[in-house]
Amino acid sequence: MPVVTAIAAGNRVMLKPSEFTPTINALIEEILGSLFSKDQVAVVNGDAAIGGAFSALPFDHRRGKWHRGLSWH
């Protein structure tokens, strides 16, 4: 739901799914790619190094989920 509400509010979304679920990641990328343009929703796949670089980007807002249900906003 956060993707939909972010887009509805006029924002863009970059999504970095877990590197441990490549099959689901491909499905998410396919579904979101059929619904949104790449400048609206981008799916970034990769390992922990990509995740670290991704989280270091200077976004205005972040929403995420860490291991064991810990979230950050």
Side-chain angles (χ1 to χ4, degrees):
M1 200 61 165
V3 170
V4 174
T5 56
I7 295 297
N11 296 298
R12 295 178 178 163
V13 174
M14 288 182 75
L15 177 67
K16 167 52 181 94
S18 171
E19 65 266 23
F20 301 114
T21 57
T23 304
I24 296 298
N25 298 355
L27 181 61
I28 290 170
E29 189 169 15
E30 180 182 334
I31 291 169
L32 291 177
S34 72
L35 298 171
F36 303 103
S37 66
K38 288 191 183 244
D39 68 327
Q40 288 180 302
V41 178
V43 179
V44 180
N45 289 299
D47 60 11
I50 298 294
F54 182 82
S55 64
L57 292 172
F59 294 117
D60 291 334
H61 302 283
R62 286 193 178 106
R63 180 171 174 90
K65 196 105 172 150
W66 286 356
H67 183 63
R68 298 191 189 267
L70 301 175
S71 340
W72 51 275
H73 304 277

Report the residues that fulfil side chain to side chain contact (heavy atoms under 4.5 Å, CB included) with I50, sequence neighbours left out, ordered by chain and then residue number.
K16, V44, D47
Restricting to side chain to side chain contact (heavy atoms under 4.5 Å, CB included), what partner residues turn up for L27, sequence neighbours left out?
I31
Go through the structure and list residues passing side chain to side chain contact (heavy atoms under 4.5 Å, CB included) with S37, not counting sequence neighbours.
D39, Q40
N25 versus V43: any side-chain heavy-atom pair under 4.5 Å?
no
Within a radius of less than 6.0 Å around CD of E19, do more than 12 heavy atoms belonging to other residues, nucleotides or ligands occur?
yes
Donor-acceptor under 3.5 Å (N45 side chain, P17 main chain)
no
